[in-house]
> 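Sharing a structure, written as structure tokens. Questions coming.
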Amino acid sequence: MRLKQIAVMSLLSGMLMGCSLTPKNADRPIIDVAFSTPLATDFRSEIAIARYSELLYRTNLTDEQKAQLFYDRGVLFDSLGLSTLARIDFNRTLTLKPDLPEVYNFLGIHHTLLQQYDKAYEMFDAVIELKPEHEYVFLNRGIALYYGERPQLALQDFNAFLEMAPSDPYRVIWRYLAEKEVDTKLAVENLKQAATLLDNSKWAYQLVALFSGQLTEAKFLAGLEENVETEQHYAERLCEAYFYLAKLHLAAGNKRSAEDYFKLSLSTNVHEFVEYKYARLELELLYAQS
């Protein structure tokens with residue numbers, strides 16, 4: 001699922017004119033999985049970064065123009081997985097223009113990934129204060145609360161997020177992940193109820209069917225190539241599929257299989273996806289327990 005916190009980059013136009021099912025075979029290495037070619041770095045992003053950097057050397061820029069440059073470059077750094085460089089640019093942006101909700105949203109995600117949850121909550125609260133209608137902040141703050149072991153509060157955000165688009169399978173899954181930490185039985189009931197509002201012809205519906213026990217892992221894996229149009233599309237699908245399979249195995253206590261699936265999700269190099277970002281955090285949490 002692509003992170004919706006990314007705004008359209010505007011610099012060049014303005015200045016240059018993803019119930020828990022228990023696998024039958026207990027914690028065993030996964031086999032017979034599909035692979036995609038890891039996504040390569042987009043050379044256009046690298047060129048844009050170089051161009052933005054050149055423009056920042058100009059002495060006649062206003063603070064607002066500099067802020068936009070740092071923000072746009074930070075977005076590109078983030079899309080390439082260069083998180084430290086992205087955070088530096090986002091913080092520079094706030095120094096120059098402290099009223100951009102998208103920057104706080106990005107920083108909230110970064111603090112979540114660093115397990116700095118209190119700072120993450122502050123960032124997301126700032127987004128809501130500046131832009132109450134910002135839809136995806138409820139997903140991102142919900143995820144921070146989920147990993148910060150506050151499932152009840154996470155559930156509130158996921159419910160709000162789901163209400164905005166009840167036919168979105170990804171929203172259904174994240175609501176389920178938080179709710180099962182509060183009340184597993186109710187989570188399963190709500191998952192099945194939510195499934196009735198979804199379009200079962202869409203691939204992401206398979207995720208809900210998988211978590212509700214209506215689809216086996218083998219059948220889920222067998223259907224990953226259906227209606228795939230490009231290599232990028234395939235990599236994105238595998239990134240999501242392996243992350244959620246990992247969560248399924250983790251809930252069943254199969255840590256070894258979960259670890260393998262998280263690694264497979266990371267192997268796709270789909271840096272912009274929620275599933276890619278949090279697969280790395282999941283591995284860190286797994287390693288901390290061992």
Side-chain angles (χ1 to χ4, degrees), residues 1 3-5 18-20 83 87 90 101-166 168-191 193-194 207-208 211-212 240 243-244 246-253 255 258-259 262 265 273-290:
M1 177 171 57
L3 287 166
K4 294 295 185 178
Q5 82 281 12
C19 70
S20 66
S83 56
R87 282 196 301 278
F90 292 144
E102 290 296 342
V103 183
Y104 290 103
N105 197 36
F106 266 110
L107 286 172
I109 294 168
H110 282 259
H111 283 304
T112 303
L113 293 169
L114 293 169
Q115 301 181 53
Q116 298 171 348
Y117 301 116
D118 288 339
K119 289 184 179 180
Y121 307 147
E122 291 177 11
M123 295 295 111
F124 293 131
D125 289 347
V127 176
I128 295 174
E129 182 177 346
L130 290 167
K131 190 177 180 180
E133 71 276 14
H134 194 295
E135 186 173 343
Y136 275 78
V137 69
F138 293 100
L139 169 67
N140 296 325
R141 189 175 66 176
I143 291 175
L145 290 163
Y146 171 74
Y147 284 111
E149 298 182 348
R150 299 184 181 184
Q152 192 67 257
L153 292 175
L155 183 58
Q156 293 178 20
D157 274 353
F158 289 139
N159 274 325
F161 188 54
L162 179 59
E163 287 175 4
M164 298 174 192
D168 184 348
Y170 300 101
R171 303 181 191 221
V172 172
I173 291 297
W174 277 103
R175 196 268 300 272
Y176 167 77
L177 290 174
E179 190 167 32
K180 75 179 182 63
E181 300 297 321
V182 179
D183 186 331
T184 301
K185 183 178 180 181
L186 181 60
V188 174
E189 293 175 356
N190 286 336
L191 180 67
Q193 177 61 33
L207 295 171
V208 177
F211 275 84
S212 64
E240 296 173 339
F243 175 84
Y244 294 112
K247 292 295 289 182
L248 194 67
H249 277 271
L250 195 59
K255 294 184 179 181
E259 178 183 349
F262 284 131
S265 183
F273 273 30
V274 168
E275 294 80 6
Y276 179 92
K277 293 180 182 293
Y278 292 107
R280 189 172 297 282
L281 176 56
E282 290 279 1
L283 284 174
E284 291 176 4
L285 296 174
L286 270 176
Y287 296 152
Q289 296 171 8
S290 59

> Flag the pair P169 / L207 as yes when at least one side-chain heavy-atom distance between them is below 4.5 Å, and no otherwise.
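With C-beta onward as the side chain, the pair stays apart.
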> Decide yes or no on side-chain hydrogen bond (donor to acceptor under 3.5 Å, both in side chains) for E122 and H111, but give the supporting numbers first.
CA-CA 10 Å; E122 291 177 11; H111 283 304; over 6 Å; no
> How long is the span from the CD atom in E133 to the NZ atom in K131, to the nearest 0.5 Å?
5.5 Å
> Are R171 and E135 close enough for a salt bridge, meaning some N to O gap below 4.0 Å?
yes
> Does one side chain, of H249 or E259, offer a donor that lies under 3.5 Å from an acceptor on the other?
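Their side chains do not contain a donor-acceptor pair, so the 3.5 Å distance test is not met.
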> Taking all atoms of both residues into account, what is the closest heavy-atom pair of L250 and A258, and its distance?
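Looking at all heavy atoms of both residues, the shortest contact is N-CB, 3.8 Å.
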> Could you grab the distance from atom NZ of K119 to atom NE2 of H110, nearest 0.5 Å is fine?
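So the gap between those two atoms works out to 14.0 Å.
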> Determine whether V208 and L191 satisfy the following criterion, side-chain contact (heavy atoms from CB on, under 4.5 Å), listing intermediate values before the conclusion.
CA-CA 7 Å; V208 177; L191 180 67; 3.8 Å; yes
> What's the shortest heavy-atom distance between A251 and K180, and which atoms?
CB-NZ, 4.0 Å
> What pairs of residues pass the side-chain hydrogen bond (donor to acceptor under 3.5 Å, both in side chains) test when at least one of them lies in residues 146-160, not counting sequence neighbours?
R141-D157, Y146-K247, Y147-E282, N159-R175
> If every non-hydrogen atom of A144 is compared with every non-hydrogen atom of T112, which pair is closest and at what distance?
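Reported closest heavy-atom pair: CB-OG1, 3.3 Å.
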> Could you go through F161 and Y136, starting from their C-alpha distance and side-chain angles, then the distance that decides it, and tell me whether this counts as ring-ring contact (aromatic ring centres under 6.0 Å, His included)?
CA-CA 7 Å; F161 188 54; Y136 275 78; 5.0 Å; yes
> Quick one: closest heavy-atom pair of G142 and F158, and the distance?
C-CZ, 3.3 Å
> The criterion is ring pair (Phe, Tyr, Trp, His ring centres under 6.0 Å); which residues satisfy it with F262, sequence neighbours excluded?
F243
> Are I143 and V274 close enough that some pair of their side-chain heavy atoms sits under 4.5 Å apart?
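Yes, their side chains come closer than 4.5 Å.
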> I need the Q115 CD to L281 CG distance, nearest 0.5 Å.
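Here the rounded value is 5.5 Å.
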> On a heavy-atom basis, which atom in F124 and which in I109 lie closest, and how many Å separate them?
CZ-N, 3.4 Å
> Roughly how far, to the nearest 0.5 Å, is the CZ atom of F106 from the CG atom of N140?
9.5 Å
> Please determine whether the number of non-hydrogen atoms from other residues, nucleotides or ligands lying under 6.0 Å from atom CZ of R280 exceeds 12.
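It does not: R280 CZ has 12 such atoms or fewer within range.
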> Rounded to the nearest 0.5 Å, what separation is found between the CZ atom of F90 and the OG atom of S83?
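Between F90 CZ and S83 OG, I get 10.5 Å after rounding to 0.5 Å.
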> For the residue pair Y276 / E240, report whether a side-chain donor-acceptor contact shorter than 3.5 Å exists.
no
> Can you measure from CD (E163) to CZ (F138) and round to the nearest 0.5 angstrom?
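Nearest 0.5 Å value for the CD-CZ distance: 10.0 Å.
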> Taking all non-hydrogen atoms of both residues into account, name the closest pair between I173 and F211 and its distance.
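Heavy atoms only, the tightest pair is CD1-CD1, 3.7 Å.
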> Taking the side chain as C-beta and beyond, is there a heavy-atom pair between D118 and M123 under 4.5 Å?
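D118 vs M123: side chains apart.
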> Should the ring pair Y121 and Y117 be called parallel, tilted or perpendicular, given that the plane angle runs from 0 to 90° and is split at 30 and 60?
parallel
> Donor-acceptor pair, distance only, cut-off 3.5 Å: does the side chain of N105 make one with the backbone of P101?
no
